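Values reported hereafter were calculated over all heavy atoms of this structure, with side chains retained and with hydrogens, waters and symmetry mates removed. Just so it is clear: chains get the letters A, B, ... in the order the sequence lines come, proteins before strands, and each one is counted from 1. Here the structure is a predicted model, which is why all the values come from computation and not from measurement.
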Amino acid sequence: MIAETGLAALWLAAAMALLQLVGGLTLIRGEGRLTPVIKPAALIQGALCVVSFASLMWLFYTTDLSVLLVASNSHIDKPLIFKLAGTWGNHEGSMLLWVSVLSLSGAAIALLEKRIDTRTLQATLAVQAFVALGFFAFLLFSSNPFERLFPAPVEGAGLNPLLQDIGLAFHPPTLYIGYVGLSVAFSFAVAAMLTRQVGPAFARAMRPWVLGAWIFLTVGITAGSYWAYYELGWGGWWFWDPVENASLMPWLAATALLHSVSVLATRNALRAWTIMLALVAFAMSMAGTFLVRSGILTSVHAFAVDPERGSFILALMLMYTSLAFLVFATRIGTVKQGEPFQIISREGGIVANNIFLSVILAIVLIGTLYPLAAEAMGDKISVGPPYFNKATVPIALLLMIALLLGPLLRWRRDELKRYKYWLVAFFAVSLWTGVAIWRFVPGVGIFPILGLALSLALAIAAWVPLKGRNLLRTPLPVFGMVIAHFGLAVSVFGMAAESGFSRETLTALAPGETTKVADWQVKLDDVRPVVGDNWVATEGQLVARNKHKNFVLRPQSRQFYRPEQQTSEAALLTRWNGQLYAVIAQPDENGDGRWQVRLWWKPFVTFIWFGGLLVAFGGAIALLGRMFRRPKKPAVNKWAQA
Amino acid sequence: MNRPWLLWLPLAVVAFIGGLAIYGLVVPKDDMVHSAMVGRKLPEFSLPPATEGVEGLSSRDLADGKPRLLNIFASWCIPCKAEAPYLEALKKSGAEIDAIAIRDKPEDVAAFLSEFGNPFRRIGSDSEMGVQLKLGSSGVPETYIIGGDGTILYQHIGDIRAEHVPMLLEKLQEAG
Amino acid sequence: MRRLVYLACALLMIAQPRLSLAQGSGPTPELANRQLADPAKEKAASQVMHALRCIQCQGQSIADSDAPMAATMRAEVRQQIADGKKPDAIRQWMIERYGEWVSFEPDMKGSGLLLWAAPLLLLLLALFMARGLFRRKS
């Protein structure tokens with residue numbers, strides 16, 4: 001019964017979305033009879049989706065094997081947390097999660113949004129319903145999560161050890177929630193174009209959604225990077241793989257949007273551009289999902305591939321984005337140019353931010369799709385890390401230079417000479433760091449030197465906006481901005497230190513032998529077999545010694561059976577100033593009793609992810625500030641005009 | 001806005017990417033890595049016998065004036081077992097076949113030959129895959145056609161099936 | 001079907017780095033997992049290895065892969081560096097065998113030219129589009 005309830009709720013929710021859309025269409029001819037229906041329909045749609053998702057979760061909780069999805073994705077012996085995570089750990093469930101969060105966001109807008117005028121609100125909900133309808137159709141016609149299985153199996157499909165990873169259980173839904181947030185921004189943007197209300201009120205209504213989405217995307221990418229780092233066993237943390245790029249592109253667009261929307265909210269400028277970014281951000285999240293699912297690009301992460309579903313997502317993506325850009329091309333001309341400003345101004349700084357982020361986004365997009373285009377022309381080429389690093393890092397460094405000064409500037413117009421002491425200070429810090437590294441550490445590349453120099457300057461510059469403020473009366477979003485910018489400095493410091501100063505030792509050791517990596521003496525004490533649930537492993541006991549202390553690391557080489565596969569479990573020793581990364585592999589066929597050992601000392605590598613989390617934390621602080629500010633009067637704005 | 005054409009740019013980009021994506025979905029992706037050595041001379045190599053009772057293989061053995069097939073196989077590779085009867089058929093039709101065994105042990109090769117037959121004139125053992133790398137070969141099984149002067153004329157990737165036999169024979173004929 | 005077999009092989013390679021059943025067994029070349037004694041040469045070799053694509057596990061560089069073919073390719077790169085060959089010549093050596101596909105860094109010629117020009121072109125385009133935004137000092 002539960003499964004049928006869930007399915008019925010899903011159908012009803014789809015009907016509500018249809019009702020919303022029809023109500024929205026009547027808006028075109030002014031207030032129609034169905035218009036008042038939009039808001040309640042959005043609320044009911046949200047409630048129905050909660051019922052539907054809860055039903056599926058219950059089915060997974062009770063491991064109801066008469067449901068096909070449960071039978072093929074769960075097992076009676078699975079730990080509870082993985083049973084529950086199984087709800088969204090598969091295609092159908094994750095799509096249901098997606099559409100449920102989408103509907104809930106719609107309900108939240110209907111309930112809480114008081115800043116924009118009623119017509120724009122209704123139009124937003126109608127667009128939102130239009131987006132949701134595509135996903136409802138997808139679920140109901142091609143991936144029904146509640147399909148029954150007859151006869152029911154006894155215990156469910158086997159346990160795949162790789163997917164029983166807490167990181168993998170929460171990584172995809174984090175990104176999906178981010179994508180949904182971007183779809184809300186998309187709905188706001190299309191609605192504002194339709195009702196010609198592209199102004200500060202619209203920007204303030206859209207901003208929390210962009211911010212929320214961006215926080216989830218930041219966390220998702222940070223976590224994904226760390227997962228690849230410890231799981232793949234070669235010490236890399238970013239591979240410029242198509243699937244990684246697919247998650248990076250929406251983040252870049254969202255970051256740019258986050259900044260431009262604040263210009264629109266505060267200064268009523270960058271109107272058309274902000275709309276454009278909102279559309280691009282959503283298009284990128286759809287494109288990312290498509291790239292992951294369709295398998296048209298060769299990727300390490302090939303497990304999610306399903307071309308048929310890929311084509312469905314492609315169809316949805318093309319429909320939404322081309323309609324939206326059509327509206328953009330025909331309507332945006334009527335949106336007046338915003339308020340003017342000078343180059344040296346806060347707006348100018350944010351324009352620089354937007355230019356650099358957009359260019360990086362375009363490079364990543366072009367580089368990712370280039371092999372496909374070349375193949376269409378009969379050329380088989382690869383575009384990988386060497387290209388992406390050389391093409392994007394210089395622009396990222398320019399972005400950091402702009403970031404040193406940008407947040408200090410006043411709105412509208414400012415004078416550089418007001419900041420001459422700061423500029424000199426930033427320049428001195430960068431120059432001193434750069435020259436010191438170049439002089440005393442031979443063989444470090446230019447990018448790591450510049451990255452370290454600029455990240456140190458930025459670590460100071462990030463806090464300067466707080467100078468001269470009464471900290472108790474400073475708005476939370478300012479704190480959020482400062483923390484996020486500081487987090488970026490921390491992260492870049494980690495990246496530059498890792499790529500410039502990592503030390504590597506690849507060797508073969510017999511028990512009792514010692515090797516060296518950076519300042520560490522590492523001895524292979526012992527190698528012994530270990531037995532796990534569904535694997536056996538050879539575990540090396542390594543003793544790492546720096547000046548006065550000993551630490552033990554236990555990397556494993558695991559052999560799984562049912563299904564049979566072999567993995568390396570790296571052992572990480574985390575110190576405040578870096579990580580020692582150790583991997584042991586099966587002995588060579590040469591068979592001289594020695595074990596292959598790979599060791600890395602990665603200075604400050606943890607700063608990469610710690611910085612990423614700080615960025616997200618800053619975003620969360622800003623979001624709190626935006627949500628719990630006393631709502632101002634609904635904007636009657638002198639700029640808001642058709 | 002004084003540059004209206006710019007407004008249509010995003011739509012054009014969407015159309016372009018959409019076209020590319022549809023191309024990617026419709027045209028099957030060629031996952032194989034083809035050797036760029038086709039049309040060039042065989043690299044110099046000399047491999048020891050893969051098991052007892054067979055002769056090893058060197059590049060000079062392959063350039064003795066007679067065109068022949070060079071099969072890259074391994075006892076641990078399942079498609080290699082599937083193609084064994086067709087190699088046999090090729091041999092019966094007059095093709096001379098040399099082979100290179102990849103990452104294999106003599107006893108495994110011997111067991112493989114006794115179970116699936118031995119259509120090979122010589123079998124070299126490439127335990128470190130060094131020759132495979134020099135040939136631009138990317139996996140097992142693969143079959144090359146080598147001209148009498150030691151030129152690589154053709155590369156067949158994957159197992160040989162019934163429908164490939166006449167094609168390979170024809171190409172071998174052309175080479176001679 | 002053959003495509004399927006290959007796909008399955010590729011998937012196996014990704015998930016099962018050194019499965020003895022699927023990849024046979026043989027000695028790993030000495031230089032596959034040992035560094036060159038000269039740090040400068042090892043660094044050059046490492047750069048080449050990071051720029052070459054693994055033939056078996058298609059998404060990774062040979063420096064990040066457990067596949068046997070990647071090991072053979074690493075050994076080849078280190079050997080050639082040790083023999084005094086220039087990094088670019090080694091890249092070309094690989095391209096001669098496997099085509100442009102094997103290099104993660106397209107050449108700055110032909111179809112690769114547009115790719116390398118893209119960052120600069122995009123930056124110029126962005127500046128061109130942004131120039132109308134600013135007001136002159138009044």
**Report entry** Close side-chain approach of C:Trp101 to C:Arg53, heavy-atom, < 4.5 Å
**Finding:** yes

Report summary line: Highest number of heavy-atom pairs under 4.5 Å with chain A among C:Gly99, C:Ala63, C:Ser61, C:Gly112 belongs to C:Ala63

Report summary line: One option among A:Met377, A:Arg598, A:Glu504 has the most heavy-atom pairs under 4.5 Å with chain C, and it is A:Glu504

Query - Between A:Trp237 and A:Glu498: side-chain donor-acceptor atoms closer than 3.5 Å - result: yes

**Report entry** Portion of A:Val383 that has a non-hydrogen atom of chain C nearer than 4.5 angstrom
**Finding:** both

Query - Short side-chain donor-acceptor distance under 3.5 Å, A:Arg413 and A:Ser345 - result: no

Solution key, residues 81-89 of chain C side-chain donor-acceptor pairs under 3.5 Å, sequence neighbours excluded:
residue, atom, partner, partner atom, Å
C:Asp83, OD1, C:Gln79, NE2, 3.1
C:Lys85, NZ, C:Gln80, OE1, 3.1
C:Asp88, OD1, C:Arg91, NH1, 2.8

Report summary line: Ranking C:Asp64, C:Leu122, C:Leu115 by heavy-atom pairs under 4.5 Å to chain A gives rank one to C:Leu115

Query - Part of A:Ile363 lying under 4.5 Å from any heavy atom of chain C - result: both

Query - A:Trp240 versus A:Asn245, side-chain donor and acceptor atoms under 3.5 Å - result: no

Report summary line: So, the part of A:Ala374 with a heavy atom under 4.5 Å from chain C: the answer is neither

Query raised in the report: So, A:Ser260 versus A:Thr274: side-chain donor-acceptor pair below 3.5 Å or not?
Result: yes

Query raised in the report: Taking every heavy-atom pair that is under 4.5 Å apart, which of C:Ser46, C:Ala126, C:Ser65 has the most such pairs with chain A?
Result: C:Ser65

Report summary line: Under 4.5 Å to a heavy atom of chain C? For A:Leu270 that would be side chain

**Report entry** Under 4.5 Å from any heavy atom of chain A - which part of C:Gln47
**Finding:** neither

Report summary line: residues 362-387 of chain A vs ring-ring contact (aromatic ring centres under 6.0 Å, His included), sequence neighbours excluded, gives A:Tyr387-C:Trp116

Report task. Please state whether the side chain, the backbone, both or neither of C:Leu120 comes within less than 4.5 Å of a heavy atom of chain A. Result -> neither

Requested in this report: Output yes when A:Arg412 and A:Glu347 qualify as a salt bridge under the 4.0 Å nitrogen-oxygen rule, no when they do not.
Outcome: no

Query raised in the report: With a 4.5 angstrom heavy-atom cut-off, which part of A:Phe356 approaches chain C: side chain, backbone, both or neither?
Result: side chain

